[in-house]
Amino acid sequence: MRWSRTLIPLAGLTGLAAHDLLQRRRSLLRNFPVIGHARYAVEAIGPELRQYIVAGNDEERPFSRDQRRWIYASAKGENNYFGFGTDNDIERSDGYPIIKHRTFSAVSPPSHPTAGEEVRLPCAKVLGAARGRAKAFRPQSIVNVSAMSYGSLSGPAVEAMNKGAALTGALHNTGEGGLSPHHRHGGDLVFQIGTAYFGCRDEDGAFDLGRLRALVDAAPVRALEVKLSQGAKPGLGGVLPAVKISAEIAAIRGIRTDRDCISPSRHAEFSDVDSMLDWVELLATETGLPVGVKSAVGDLEFWTQLAEQMAGGARGVDFITIDGGEGGTGAAPMTFTDSVSLPFRVGFPRVYAIFAEAGLTDRIVFAGAGKLGLADNAVVAFALGCDLVNVAREAMLAIGCIQAQRCHTDRCPVGVATQNPWLAHGLDPSLKSERLASYLRTFNRDLLKVAESCGVLHPGLIDVDDVEILAGNQAGRPLREVVRYRPGWGQPSAAQQAELRAIMTAAAPTGGTAPESGTSQN
């Protein structure tokens with residue numbers, strides 16, 4: 001609303017009186033221009049005002065105050081419990097997920113608040129085993145750090161994330177910006193290959209297989225991820241503003257410092273599913289690493305063709321990362337962040353169903369991304385068939401992000417998403433790596449506790465029948481019915497489940513009960 005409409009109301013005035021008041025108002029604004037421009041100052045600090053003064057606990061987006069509070073408390077090792085019951089509007093919220101606990105089960109979890117924090121939750125599948133990759137492995141954490149490039153994030157932020165990943169056994173995705181010295185602090189890496197081929201391209205910007213081999217041989221790279229698209233900006237190449245391009249970033253990426261770095265919107269090495277699979281097999285053969293793709297979900301024809309061509313068994317991807325449209329990004333046009341690509345809970349089950357129909361899900365590790373760093377969202381993802389979840393903005397919050405939403409300006413006030421040396425200097429990688437590790441451990445603990453309440457030993461064994469989707473407080477539909485899954489869909493194979501149970505039986509702590517009385521019916 002304009003200031004000129006709020007200083008003196010004109011309702012009910014006509015003729016000379018209204019004209020006189022309008023003239024007075026204009027004179028006031030001319031004589032005190034600061035009043036007319038104050039709205040811009042207020043707008044500049046709008047996110048902070050809404051977060052801490054105006055918005056309710058569950059209103060702010062992308063992450064509400066309650067969600068941020070849980071992440072911050074978890075990262076600092078503080079009490080992250082909530083008292084007095086939920087303040088979510090369950091009565092009128094359509095699509096609200098409810099996890100259905102079991103009254104009796106063979107699983108007896110301990111009740112101590114920190115029980116389970118040190119338990120590793122490995123992937124239910126061995127990444128790359130189905131296709132016989134030379135360097136196949138079982139990821140040791142089902143929660144991993146998602147793709148965020150050095151350049152988009154500061155060097156200290158990347159270092160903190162890598163050290164935090166190392167402390168918890170999580171994988172750290174480099175993002176498409178290349179592999180920097182800040183990624184080399186002990187954490188295992190997933191090297192992402194984007195359309196600009198940063199870190200593995202020649203002087204002209206073309207993909208260079210020799211440079212890729214040299215790169216992965218000299219760093220702890222465990223897998224390669226070919227980025228097809230990103231949930232927050234599908235169909236667009238990445239953009240790194242010139243203001244954020246330091247000499248170090250330019251050297252790592254092989255770019256100039258005097259102009260914005262704009263990645264192509266399409267890959268040059270392949271143009272369809274057939275040529276993409278040829279390239280995937282080339283990368284896997286030359287490096288021995290598992291190779292997968294990351295994509296948002298729009299038109300399903302690509303996924304149908306991929307499943308059809310993988311059905312023969314000669315070629316295929318080892319993992320698929322589905323990025324929901326609600327995922328984050330440093331910068332993108334508003335229409336793309338708001339309205340292009342399906343949200344995770346719609347897009348993922350559509351893709352999964354295509355591969356389930358083809359009988360391929362046991363041969364592929366499925367990863368999910370897009371606001372899955374909260375236990376309730378992650379549980380739904382695992383029920384739908386995810387084997388891994390990747391966290392990005394939640395990891396940023398854990399190391400100090402305050403959701404200022406200035407990632408694209410190079411003026412991040414806490415040094416996370418900036419290349420300004422003065423701002424980045426305020427981020428201590430040693431301290432923040434411990435906080436990321438604490439968040440990841442707490443997140444794992446909560447996932448383990450929820451799984452045990454559902455009567456299973458691992459989140460990957462939670463089924464679509466364990467989740468119900470509410471339509472207000474009048475009705476609910478089983479998740480299986482909502483996504484139209486057939487029996488067995490969303491679950492690892494029987495052999496994979498048996499292996500996972502054996503691992504968890506040896507690793508997870510067991511709780512007890514009170515002593516039995518003489519009237520016990522056991």
Quick check: [Y] with [X] (ring centres under 6.0 Å apart)?
X      : Y      : result
Phe319 : Phe366 : no
His267 : Tyr197 : yes
Phe207 : Trp279 : yes

Donor + acceptor pair across side chains of [X], [Y] (<3.5 Å):
X      : Y      : answer
Glu225 : Thr321 : yes
Asn173 : Ser146 : no
His183 : Asn162 : no
Asp278 : Ser275 : no

Any side-chain heavy atom of [X] within less than 4.5 Å of one from [Y]?
X      : Y      : value
Met161 : Ile399 : yes
Arg411 : Thr418 : no
Val145 : Leu171 : no
Arg315 : Val280 : no
Ser64  : Arg69  : no
Lys135 : Val221 : no
Asp318 : Ile364 : no
Phe348 : Ile320 : no

Quick check: closest heavy atoms across [X] and [Y], and the distance to 0.1 Å?
X      : Y      : value
Cys123 : Asp387 : SG-CB, 3.8 Å
Tyr150 : Ser180 : CD2-CB, 3.6 Å
Cys401 : Tyr72  : O-OH, 2.6 Å

State which residues pass side-chain hydrogen bond (donor to acceptor under 3.5 Å, both in side chains) with Asn377; sequence neighbours excluded, sorted by chain then number. Arg345
Test the Lys371-Phe63 pair against the cation-pi criterion, namely NZ or CZ under 6.0 angstrom from the six-membered ring centroid and within 45° of the ring axis. yes
Run the salt bridge (charged side-chain N to carboxylate O under 4.0 Å, His left out) test against [X] and tell me which residues pass, sequence neighbours left out.
X      : value
Glu301 : none
Asp428 : none
Arg213 : Glu286

Is the backbone of Ala157 close enough, under 3.5 Å, to the side chain of Ser154 for a donor and an acceptor to pair up by distance? yes
Under the salt bridge (charged side-chain N to carboxylate O under 4.0 Å, His left out) rule, what do Glu281 and Arg133 come out as? Steps first, then yes or no, please. CA-CA 10 Å; Glu281 292 299 329; Arg133 306 304 188 197; 3.0 Å; yes
Nearest-0.5 Å distance that lies between atom CE in Met276 and atom OG in Ser271: 11.5 Å
All pairs passing salt bridge (Lys or Arg N to Asp or Glu O under 4.0 Å) where residues 179-190 contributes a residue, at least two apart: Asp188-Arg222
Sequence neighbours left out, cut at 3.5 Å: what donor-acceptor pairs do the side chains of residues 430-437 make with other protein atoms?
from: Ser433; atom 1: OG; to: Pro429; atom 2: O; distance (Å): 3.0
from: Ser433; atom 1: OG; to: Ser430; atom 2: O; distance (Å): 2.8

